[in-house]
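This report refers to the structure that appears directly beneath it.
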2 protein chains.
Amino acid sequence: MSEISPSELPRDFASLKALIVARAEELPRRLTQVATYAVENPDEMAFGTVASIAQNADVQPSALVRFAQSLGYQGFSDLQEVFRSRLRERVLNYDERLQQLQDHAKDKSKSSVILDGFSEASSKSIADLRQHIDENQLEQAIAMLANAETIYLVGLRRSFPISSYMAYAFGKLGVRTRLVDAVGGLAQEDVSFATAKDCVLAISFTPYASETVALAQAAVARKVPIVAITDSPFSPLASLATTWFEIQEANFEGFRSMAATLTLAMTLTVAVAERRSTRKGK
Amino acid sequence: MSEISPSELPRDFASLKALIVARAEELPRRLTQVATYAVENPDEMAFGTVASIAQNADVQPSALVRFAQSLGYQGFSDLQEVFRSRLRERVLNYDERLQQLQDHAKDKSKSSVILDGFSEASSKSIADLRQHIDENQLEQAIAMLANAETIYLVGLRRSFPISSYMAYAFGKLGVRTRLVDAVGGLAQEDVSFATAKDCVLAISFTPYASETVALAQAAVARKVPIVAITDSPFSPLASLATTWFEIQEANFEGFRSMAATLTLAMTLTVAVAERRSTRKGK
DNA sequence: TACTATATGGAATGAAAATTCCATAGTCTG
DNA sequence: CAGACTATGGAATTTTCATTCCATATAGTA
């Protein structure tokens, strides 16, 4: 009945998907329709019944069975097993992982618990960042930084690793920056060379370092545009900045992650460098 | 028939689990058995049939139906829906997420693609770290650092943000460190004060900064124990170090993440500080 | 255009599943 | 210890589901 079925049908979702895509065009019209639906709604395929799926895909129940058979499976149920296996392999979601962390904390070494805790906090922070960031704002910040003659990187104490990373990475990519560290009030002088053609990237989290705020104020006074990365709308940087990102880092036992900030920093660095190189090319 | 069912039964897995746990003890013996099985085998509950689950849980099929009804559901199928919803909500696994990134790259802004790429790379790096790390090794490194009189933090160029983060965090936690930056060959002098009672934490990735290697060699000569964080068994640090961590950072378009290294750094910092404070307390 | 092969819709069928029912066992109470 | 109530196992029943079948439509070919 089926053209191919050399006993080695896909049993995992990835290869099944590949098979469906490959065979899709040589299948009859209605079965192509099923193929499309299957690839686009794998969850539904895993849990639905022939009748419910048929209704949603707008085909007859028999079409589903035929589809499965034309791929070489015994019937729909056989095919459905593969879609179900996909869900079994899925990664746990955050709530579950957190729960699991707590459940297994007893039988693990203290250091492993800490590692797991920070891993979770970091992953969660990154996921939140991705979900909450405003695309337009990201675009605006990149444009501002890409247009700047010199980027002044302001980040002290806890934020210093981030700004020093950006200084290093920008340097590698040929973008001119100035890493402002505020040792003994020398910092202000640095920024006092900045003009409206430059840009300040200020990073600060609670408790906001007073030097960072002072530097940002000096920049505002000189009409230097500011991109800020901070953690709250009430941050002093929020009102000073031309545009600003709110980053919520998850914490483990009170120690905040820095993963989201670092990820955003990497993004800005590469995006700005990329923007500059394409612009220069023209 | 059922005691409670005020039309607001759990429809999500988290609250269902809470309900089951809460009601478990007041249920009859066989139904408690079902409750236990359900909580411990949620996947099976989602995919199995009444017959198959009953067999695995070693109860009669009717017990499953009764269990569902005693919680307030119409029947087993009704309850099973909740277990299924849990799997639907699960996070995609890495392969799928990567695939999805590529699929949706067209209809997104370039900057979003970069952010997604780095987010993915960071999450993956952290997951790998957690999976591959050796607990005993982690313990050993923490012990070494906790016992040191002074911790010398050696990390240059790309690794400098990490060591500077640790310097900051250790400082906050009252652990004495020395951040070694190799400006103009001054570094060596720093390490030349170190003794066997201290410890060097060296961080370096390809291409290994020659200064970091030189510092590590100087430390070896003075019999100072070394904990290293690097990316390959062929790293010059691997052979010099007393113990070392291999970290594989995922990359996006050739730009390596730093999330795993940062997560390990946070772990070491907090674990060492914690170890010291408990020891001091005795 | 006629013929043939293939595809499709929809009802019929048979299998499998969930649910109910009932007889019996067990437990609690007076 | 008797009686009443609850719990349990397992068979009977009903519902739901996947699959097959067949009449009709569609497309391809001579």
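Because the structure is predicted, anything quoted here is derived from the model rather than measured. Letters A, B, ... mirror the listed sequences (proteins, then strands); counts begin at 1.
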Is it true that [X] and [Y] have a side-chain N and a carboxylate O under 4.0 angstrom from each other?
X: Asp12(A); Y: Lys17(A); answer: no
X: Arg130(B); Y: Glu120(A); answer: yes
X: Lys110(B); Y: Glu135(A); answer: no
X: Arg158(A); Y: Glu249(A); answer: no

For DNA chain C, which residues in residues 51-59 of chain B have a heavy atom at a distance below 4.0 Å? Ala51(B)
Phosphate-side-chain proximity, [X] and [N], N/O vs OP1/OP2 below 4.0 Å:
X: Ser62(B); N: dT20(C); answer: no
X: Gln60(A); N: dT8(C); answer: no
X: Gln74(A); N: dT19(D); answer: no

For a quick check of understanding: with a heavy-atom distance under 4.0 Å over all strands, which category does Arg66(A) fall into, base, sugar-phosphate or nothing?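 Base contact - Arg66(A) has a heavy atom under 4.0 Å of at least one base atom.
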Would you give me the side-chain donor-acceptor pairs under 3.5 Å for residues 30-43 of chain B, sequence neighbours excluded?
residue: Arg30(B); atom: NE; partner: Gln33(B); partner atom: OE1; Å: 3.0
residue: Thr32(B); atom: OG1; partner: Ala24(B); partner atom: O; Å: 3.4
residue: Thr32(B); atom: OG1; partner: Leu27(B); partner atom: O; Å: 3.3
residue: Thr32(B); atom: OG1; partner: Pro28(B); partner atom: O; Å: 2.9
residue: Gln33(B); atom: NE2; partner: Ala57(B); partner atom: O; Å: 3.1
residue: Gln33(B); atom: NE2; partner: Asp58(B); partner atom: O; Å: 3.2
residue: Thr36(B); atom: OG1; partner: Thr32(B); partner atom: O; Å: 2.9
residue: Asp43(B); atom: OD1; partner: Arg86(B); partner atom: NH1; Å: 3.1
residue: Asp43(B); atom: OD1; partner: Arg86(B); partner atom: NH2; Å: 3.4
residue: Asp43(B); atom: OD1; partner: Arg90(B); partner atom: NH2; Å: 3.3

When the distance from CZ of Phe67(B) to P of dT6(D) is rounded to whole Å, what number comes out? 20 Å
Ring-face cation contact, Phe47(A) with Arg84(A), 6.0 Å cut, 45° max: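 So Arg84(A) doesn't make the cation-pi contact.
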